Student: 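Have a look at this one.
What you see is a predicted model; the values in this text were computed from it and never measured. Note that the numbering runs from 1 along the sequence shown for the chain.
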Amino acid sequence: MKRGLVSVIMPARNASAYIEEAIRSVIAQSYTSWELLIVDNGSTDNTYDIAHSFLDSRITVLREPHKLGIGYARNKAMHEMVGEYFCFLDADDRLTPDSLSCRIGLFQQDPELSFVDGWVETWNRDFSQCSSVCKPSFRGYPLHEVVSLSARCVCAVSWMVRRKPGIEYRFMEGWSHAEDLAFYISIARQGKYSYTEQPVYQVRRGHQSTMSDLKGLQDGYGHVLRYMQTIPELSNEELEAA
């Protein structure tokens, strides 16, 4: 584990229209101690070629056969990462220029923090108009907030995580949706959550994506509910509300 390094995890499948912009948003970071781990999940377009064209030693591109969902791709990258911290970036989204630096700053101020988030902006397809901003408002141990899908600390896959020795960080595999929520639930008991009052993540909407699959979303949240039932800290009221 390399102190101060941020591992940025990017799964990608058939993202040739967007991945260059996503990668450039990482290269443009004001905080320069990062590695970008891109896992191509069996793309049938030139996603891999675009990602592989960047001649930056901080970027690693892995190519894997296609598997359902993005849990496998994220797990592959997390197995390879060497950063003291890690965060996620989908191949059709962007990080703001100070996304890493403002979150690292909070970690450095408070050694008890395990998770740092920030404002999440939702933009249209060509990033010409911002339609909404989700602003976290919770600080503390986040488990009960996460299971209630509270926007006080769940806006997107935008948490930065401080790694703890001896912990294996893993997503559920084979899920087409909601694996990020289950991942947050799985790690939420490990420490405190806070946020910076700055934009850190920009979500692209208005194009075909996994969020357009309503049946998949329904199945994903069913998986999450069954997973939640295995967590003893959750009350029956919280499980019923979920």
Student: Any ion pair linking K2 and E35 (charged N to carboxylate O, less than 4.0 Å)?
Tutor: no
Student: Show your working on side-chain contact (heavy atoms from CB on, under 4.5 Å) between V39 and E64 and close with a plain yes or no.
Tutor: CA-CA 7 Å; V39 180; E64 298 292 329; 3.9 Å; yes
Student: Indicate, with yes or no, if I38 and I27 share a hydrophobic cluster defined by side-chain heavy-atom contacts under 4.5 Å among Ile, Leu, Val, Met, Phe, Trp and Tyr.
Tutor: yes
Student: Please check if F86 and L5 belong to a single hydrophobic cluster, counting links between Ile, Leu, Val, Met, Phe, Trp and Tyr side chain heavy atoms closer than 4.5 Å.
Tutor: no
Student: With side chains defined as the heavy atoms from C-beta onward, is the minimum distance between F54 and E20 less than 4.5 Å?
Tutor: yes
Student: Do V146 and C153 come close enough that some side-chain heavy atom pair is under 4.5 Å?
Tutor: yes
Student: With hydrophobic residues grouped by side-chain heavy-atom distances under 4.5 Å, do L149 and I185 end up in a single group?
Tutor: yes
Student: Can the ring centres of F115 and Y195 be said to be less than 6.0 Å apart?
Tutor: no
Student: Looking at side-chain heavy atoms only, is the closest gap between V8 and M81 below 4.5 Å?
Tutor: no
Student: Output every pair passing salt bridge (Lys or Arg N to Asp or Glu O under 4.0 Å) with a member in residues 110-123, not counting sequence neighbours, ordered by first then second residue.
Tutor: E112-K192
Student: Taking the side chain as C-beta and beyond, is there a heavy-atom pair between W119 and V200 under 4.5 Å?
Tutor: no
Student: Can you find a heavy atom in the side chain of T47 that is under 4.5 Å from one in the side chain of N41?
Tutor: no
Student: Taking the side chain as every heavy atom from C-beta outward, state whether I187 and V161 have any pair of such atoms under 4.5 Å apart.
Tutor: yes
Student: Using side-chain hydrogen bond (donor to acceptor under 3.5 Å, both in side chains) as the criterion, list what pairs up with T32, not counting sequence neighbours.
Tutor: none
Student: Looking at Y184 versus F171, is the centre-to-centre ring distance below 6.0 Å?
Tutor: no
Student: Is there a continuous path of hydrophobic side-chain contacts, each under 4.5 Å between heavy atoms, that joins L113 to M1?
Tutor: no
Student: With no hydrogens and no angle check, do the side chains of S101 and S30 hold a donor and an acceptor under 3.5 Å apart?
Tutor: yes
Student: Would you please indicate yes or no on a ring centroid separation below 6.0 angstrom for F88 and W159?
Tutor: no
Student: Is any NZ, NE, NH1 or NH2 atom of the basic residue among R13 and D90 found under 4.0 Å from an Asp or Glu carboxylate oxygen of the other?
Tutor: no
Student: Name all pairs fulfilling the side chain to side chain donor-acceptor pair (under 3.5 Å) condition that reach into residues 75-85, sequence neighbours left out, sorted by first residue then second.
Tutor: N75-E173
Student: Is it the case that D93 and Y201 place a side-chain donor and acceptor less than 3.5 Å from each other?
Tutor: yes
Student: When you group the ILVMFWY residues by side-chain heavy-atom contacts below 4.5 Å and let the links chain together, are F138 and V120 in the same group?
Tutor: yes
Student: Walk me through whether F127 and Q202 qualify under side-chain contact (heavy atoms from CB on, under 4.5 Å).
Tutor: CA-CA 9 Å; F127 280 111; Q202 296 177 326; 3.8 Å; yes
